[in-house]
Structures are given as C-alpha cells and as structure tokens.
J.: 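Below is the structure I would like to discuss, written out as structure tokens.
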Protein chains: 4
Amino acid sequence: MEKGRLEGFSDGVLATIITIMVLETKAPEGLDAAAIWAAAPAFLVYALSFVNVGIVWNNHHHIMHATDRVNGVIMWSNLFLLFWVSLIPLLIRWMNEAHFAASPTAAYGVVLAMVTLAYVLFEKAIVAYNGSGSKLASAIGMEWKGLLTLGLYIVAISLAFVSPWIAVALYVVAALLWFLPDRRIEAIV
Amino acid sequence: MEKGRLEGFSDGVLATIITIMVLETKAPEGLDAAAIWAAAPAFLVYALSFVNVGIVWNNHHHIMHATDRVNGVIMWSNLFLLFWVSLIPLLIRWMNEAHFAASPTAAYGVVLAMVTLAYVLFEKAIVAYNGSGSKLASAIGMEWKGLLTLGLYIVAISLAFVSPWIAVALYVVAALLWFLPDRRIEAIV
Amino acid sequence: MEKGRLEGFSDGVLATIITIMVLETKAPEGLDAAAIWAAAPAFLVYALSFVNVGIVWNNHHHIMHATDRVNGVIMWSNLFLLFWVSLIPLLIRWMNEAHFAASPTAAYGVVLAMVTLAYVLFEKAIVAYNGSGSKLASAIGMEWKGLLTLGLYIVAISLAFVSPWIAVALYVVAALLWFLPDRRIEAIV
Amino acid sequence: MEKGRLEGFSDGVLATIITIMVLETKAPEGLDAAAIWAAAPAFLVYALSFVNVGIVWNNHHHIMHATDRVNGVIMWSNLFLLFWVSLIPLLIRWMNEAHFAASPTAAYGVVLAMVTLAYVLFEKAIVAYNGSGSKLASAIGMEWKGLLTLGLYIVAISLAFVSPWIAVALYVVAALLWFLPDRRIEAIV
C-alpha cells in the first residue's frame, strides 16, 4: 500500500485533535485580572497539549519519510497511536472540570505515556517492514529518548498525588526533550 | 472523474468523525477509583467506535485501490456511507446520556448495521463501474463477511433489550471480524 | 495560483461542516417509541443538511474540473461560499432549540438561498477567469437551476410563517433538484 | 523536508478552526426581530473571525509558493502561528459569554496581534531558509503592513476599555488591510 492516504488521514486526525482541544478549554469566568489569572492553568495545559500534539505530528512526519509503503501492522499501529492522542481533549476537559486535581492530572500523564509507547511501537512497525538492517533501524538504535520519556511520565504520574503541578512541570520537561525532531533520523534522510 | 478528491474528502470526514466522538464521551464525574470505574463503559464504547471508524477507513482505503475513477453513483453511495458513520457520535452521546439503556444501545447497532449495508452498496457501486467480470468482482464474491456482520447486528439489536452488554459484546465480535483488511482484495491489488 | 490547495482547504472545511452538524443535533430525550419519534424532525433536518452539504461538495468538485488555476476573486468567492455553508450547523442548533419554529426555519432557508447565490457567484468567477467564450461558459448558460432554486427558497421562506413544515418540504424539493451533479458540465469535461 | 505535508496539516488545522468557530457562536435566544437583532454582534464577530482566518490561509498559501522545502524552524514557527489562530474560537466564546465586554474584546485583539506577529516570524523563517538575497526577501522588504497592523491592534486593545465597539471597528479596518493577498509576493511568483 502507498503511504499517501495514511499520511493524509493522520494529518486530518491530528489537525482536528489539535483544534478541538480549544473547545474543552475554559474561558475566564470573570472580567478582572484575578479571573483572567485563574484561567492561566487551563491556558498552560492547552499550550502544553498543543506542543505535545505538534511533537507527535512532527515526529510522524519525520519517520514516514523513512518508508515508502505501509502494511496492515503499520496501519493499525498508526491508529493505536492516534487513539491515545485523541484522548488528550477528554483529559483536558476532565482536568478543567476537576480544577487540576491529582487524579485527572495523573491520568493525563498516563495518556501521554501511552502516546509515547504507541509512537515507539509505530516506529518499530516501520523498522520491521523496512528490515532491521536498514539505515533507519541502526539510526534509531536503543530508542533511549522514548524510554527516558516513559520513565519521566511514570515518575510524574506518581508525584501528581503529591502535587499536580510537579507532574505538570515534568510533562513540560518531557515535551522539551521531544521538541526538536529526531536528529538521528534527519541525519540519514 | 478522478478518485483523488473523493478520497481526500472521505478521509477528512472520517478523520473528523473519529476525533469529535471524544467530545461526546463523558469524563469521570469524581476523583476516586469508583468514579473512574463508572466511566469505564463510556471509555469502552469510545474505543469500540474508534476501532469501527478505523475499520471503515481501512476498508475504504483498500477498495479505492481497485478503482481509478469514480462516477456519480460511487460518489453518492460514498456519501450515504459517510452519513451513517457520521451518526456514531450522536449515538455515543445518547448512550452516555441514557446510561447505556437498551434503546440507545440497540440504536447504535442499527447505525453499525446501516454502515455495513452502506459499505456493501459502496463496494457494489465500485464493482459495477469496473465491470462485473473484473478481478475485484470475482475476488469479492458473495460478500459473506458483510452478510455475516449484518446477521450479527440483527441478533445484537434484539438482545439489547435483554441486556445491553450482550449487544455490546456482539458489536465487539463484529469489529474483530473486520479488524483485518480484506485479504481477498489485498491478494489481487 | 494552482488549484490544489484551494480544493484541499475547501474539502477540509466542507468535511468538518458536514461532520460537526451532528454535534448540534438532539438525541432522543427518552427511551420509548414516543421519545424517539419526537426526535424525528431533528434527524430529518440533519439528513437534509447532510445532503445539502454533499451537493455543495459534489458541485464544487465538478466546477473545479473546469479550471486549472485560480485567482484572488475565485479564492474569495470560494470563502464567501464556505462562509454561508458554515452557518448551517448554527441554524440546525437554533431550529432544534426553538423546536422548529417559523423564524429559525425561515432563517435556514435564507442561509440555503445565500449558499445557492454564493455558488452561482463562485461559478461566475471561474467562468470569468477562463473566458466567457469558453466551453464551460456556454455550457452553464443561463444558470436556470440556480435561479429556480433561489425562487423556491424565497417562496419557502415566506411560507415558513404559515407552516415550518411546508418550508422544509420545499427545501427537500430544492435539494432533489441539485441531487445529481450538473450534467451540462459533465458533458463537456 | 518537502513542504506538502506542512501545507496539508496547516490546511487541516485552519479548515477545522474556521468551522468550529460556529460552535462557539450564539444562536438568537428568541424568535422575534428583537431577539434576532440581539444576536447581531455575535454574527458580526463570527464573520470578522471567518475573514481573519481566511486571510491567514490566503497569505499562508501565498508565502508557501515562495519555498519548495521546509526546515525545523519553519515547522515550529508554523505551529506557533497555528497556535494563536486556534485561540480565536475560545475568544469568540468568551466575548459571547461576557456580552462583548471590554476584557474579552481586548483579549481578542491580543490574539489577533499575536497571529500577525507569528505570521511575520513565519515569513522571516521562510526568507531566512531561502536566503536573504532572494527575490522573496527583497520583495517583502520592510513588512510595513505587518507593523501597521500590529500598531492598529495595540491602539484597538487600549480603546476596547473606552468602548469595545471602537476596538471591533479597528479590527475590521485591520482585516480590510489584509483582505487582498500580498501583491509584492504575487508579483514575483
């Protein structure tokens, strides 16, 4: 199968997710500075989620360069990845409704961890299809960044029950790790 | 007419449907384990719907390989298919609002049955345009999978009034039947 | 300018419109046959709107075949068309909230009339760019279908204040007029 | 990297934004002329926002003609632009909920100013990648239009606290400035 429609469909899903998140974000509930300040956490989590979906799209874009065709396993691992990304708007709503309590903030981390895991599996499906001896396979190597991010999320999920804002700070750190596209792939493409 | 825009439009509709379903899914209404557990049915139905729309997209992708051009009948049978898929978010909302009562759970099955029927009609429109003697036509043969799925849905719709969860279990079985893309088409493409 | 991105953007807007209309459609407010029957008008207007947006997409697809490049006038008349189509979900919500009273049902007709007018202007912009002596220009001729539809909508808007359902019946007639893509264009493409 | 997917993703995001804004726009809350008239500001702001997103898409389309490939800086400055555009639906909701009070009307101007600034940065990223001696660079010159618009927005934001409708009038003036695509770029493409 050619990769064009998988890219087009994934772009459509990611574009819709990154946009409808705003429907789940609260506007300030008053007109003065205090009301606007009270909406800051909602804005911060929206911006963080925007960056996270942007990272997924950016990395998706990069890895798809490394393959010309796709098979059923790549298709379904792509849908598995999109599934977890699609839960981000739901988690934004829950965090907003529950005023950034520990449970939804931890659950947000679980979703981000599943997105990372699903991305690693998606990457593995593409490597497997293109041969483990391929340049891509050797370039990706140990996937240390994926493992490091997963570790960070596990720590953040636990610490959410100490303070949700420690968890959010760690989510920001994890996003910064992924902010730049994967140089390893860029170097060989 | 070329098939490119029909594919692009269909991808856009399916990508939007698969994403806005999350807007109709309830977040947990509390913070403890019991509240999160109470949201499990909503999550399960969301995941099932995601897989079902994924199956439609996957099969749409496959069958469109078998044709190069489209006519008015293919266009309108495609819109008929998208119409029934577009009702899935509405049914998710109704099931959530009615706490997975028999009526909405049965109605969800009616929509899935109509999606299956519309897909079979869409397939027939493509076969008719490409000639009944074409490879595709002979490969598709009796469309036993479509008929089997329709039968399953009719049974499930009836049993929803005994227990909605029996119906949901049968919807899961039907999704598993379609999980893999159609080998018959893959073999000839 | 090439027409590719205008087609892609328009497909994205129309795909999103045709899908989010379902968010503005009421689910039944009870579980028995009476409650489901009471939701029938909402379902009917949703289906009618789906067909109307499908017609716009279908005709858009057709007329774009007749041009290879676009200019600023075509771009902005395209956005003017999309603007009026984008109001359909708002009108669906208003009709649902007001239980299909005369005002929103008439306003729905005003929006459909503006969509028709905007489509005629869009067609004129494409003809003007390709030359009034072009095959397309002569094929389109007097645009009798657009004028007839506009007339129908004006009658329907007035009669909405006698009975909204007369108006809806005329909207269905107008949709049937446009159901098939424009044979005049098809004949020359 | 090729520019195709960046264009496709941006079109998807802008198409979704321009469409979901309608979900945040109030329908009239009654059936008589007074109720419909009371909904006029919401309609006006919706139309203004539609034109503004249309302008962003139009200019995005134009500037992308001037480059064949994109790098990481262009990608992230593109996402930065889309981020600010994505806040428009949130601001529409806040303006509607707060009945077009000074704070949300000023905040809407802040978002439009950030969209303008982000567009200028996006333009700079494309010029930098294509070389400062390129035709595009000299054609764009001093970006007087961006600076003028930013100035207008700063004045409008301040005057929103005198009267929100003065601010809206200035937003309309700024939109008119950008209504036509950039002749400077068009002249060299």
Side-chain angles (χ1 to χ4, degrees), chain B residues 1-24 53 69-108 110-111 160-161 164, chain C residues 3-37 39 42-43 46-65 89 92 96 178-183 185-186 189:
Chain B
M1 289 175 263
E2 283 151 36
K3 69 177 179 176
R5 271 194 85 180
L6 186 137
E7 287 184 327
F9 181 73
S10 305
D11 283 357
V13 172
L14 293 172
T16 312
I17 292 170
I18 212 170
T19 311
I20 66 166
M21 297 186 319
V22 86
L23 298 175
E24 306 289 20
V53 180
R69 296 178 77 74
V70 294
N71 63 1
V73 178
I74 292 174
M75 269 197 170
W76 283 104
S77 62
N78 185 52
L79 276 167
F80 187 67
L81 171 62
L82 295 178
F83 173 76
W84 289 103
V85 181
S86 82
L87 290 175
I88 292 177
L90 184 69
L91 269 294
I92 290 178
R93 192 198 321 153
W94 192 20
M95 281 192 279
N96 272 279
E97 281 173 359
H99 302 287
F100 303 94
S103 301
T105 308
Y108 182 71
V110 172
V111 166
F161 295 94
Chain C
K3 68 178 180 177
R5 270 193 86 180
L6 187 137
E7 288 184 327
F9 181 73
S10 305
D11 284 357
V13 172
L14 293 172
T16 312
I17 292 170
I18 212 170
T19 311
I20 67 166
M21 297 185 319
V22 85
L23 298 176
E24 306 288 21
T25 299
K26 271 192 192 157
E29 285 173 357
L31 298 171
D32 55 0
I36 292 165
W37 180 247
F43 182 80
Y46 175 71
L48 173 62
S49 303
F50 197 96
V51 169
N52 272 316
V53 180
I55 287 165
V56 170
W57 176 73
N58 216 347
N59 285 306
H60 195 280
H61 185 130
H62 268 75
I63 190 113
M64 288 302 292
H65 269 287
I92 290 178
N96 271 279
W178 285 87
F179 187 69
L180 292 173
D182 207 309
R183 301 276 167 203
I185 298 175
E186 217 165 346
V189 174

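Quick note on labels: first sequence line is chain A, next is B, and so on, each numbered from 1.
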J.: Which bit of B:Arg5 comes within less than 4.5 Å of chain C, counting heavy atoms only: side chain, backbone, both or neither?
T.: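 Both backbone and side chain of B:Arg5 come within 4.5 Å of chain C.
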J.: By a 4.5 Å heavy-atom criterion (distance strictly below it), what part of C:Ile36 contacts chain B: side chain, backbone, both, or neither?
T.: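 For C:Ile36, side-chain heavy atoms alone lie under 4.5 Å from chain B.
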J.: Looking at C:Gly12, C:Pro28, C:Gly54, C:Gly30, which one has more heavy-atom pairs under 4.5 Å with chain B than the rest?
T.: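 When all of C:Gly12, C:Pro28, C:Gly54, C:Gly30 are compared, C:Pro28 has the most.
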J.: Can you say whether B:Leu23 sits under 4.5 Å from chain C via the side chain, the backbone, both, or neither, judging by heavy atoms?
T.: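 Looking at B:Leu23, just its side chain touches chain C.
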J.: What's the separation between atom CG in B:Asn78 and atom CZ in B:Phe9, rounded to the nearest 0.5 Å?
T.: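 It comes to 8.5 Å.
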J.: Report the relative orientation of the aromatic rings in C:His61 and C:His65; use parallel for angles under 30°, tilted for 30 to 60°, perpendicular for over 60°.
T.: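 It falls in the tilted class, 30° to 60°.
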J.: Sequence neighbours excluded, which residues qualify as side chain to side chain donor-acceptor pair (under 3.5 Å) partners of C:Thr25?
T.: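 Scan of C:Thr25 (side chain to side chain donor-acceptor pair (under 3.5 Å), adjacent residues dropped) gives none.
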J.: For B:Trp94, check side chain to side chain donor-acceptor pair (under 3.5 Å) against everything at least two apart and list the hits.
T.: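 So B:Trp94 forms no side chain to side chain donor-acceptor pair (under 3.5 Å) with any residue.
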J.: What part of C:Met64 gets closer than 4.5 Å to chain B, counting heavy atoms only: side chain, backbone, both or neither?
T.: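 Side chain only.
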J.: Quick one: what part of C:Ala35 sits under 4.5 Å from any heavy atom of chain B, side chain, backbone, both or neither?
T.: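 C:Ala35 has no heavy atom closer than 4.5 Å to chain B.
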J.: Kindly state whether the ring of C:Tyr46 and the ring of B:Phe83 have centres lying under 6.0 angstrom apart.
T.: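 Yes.
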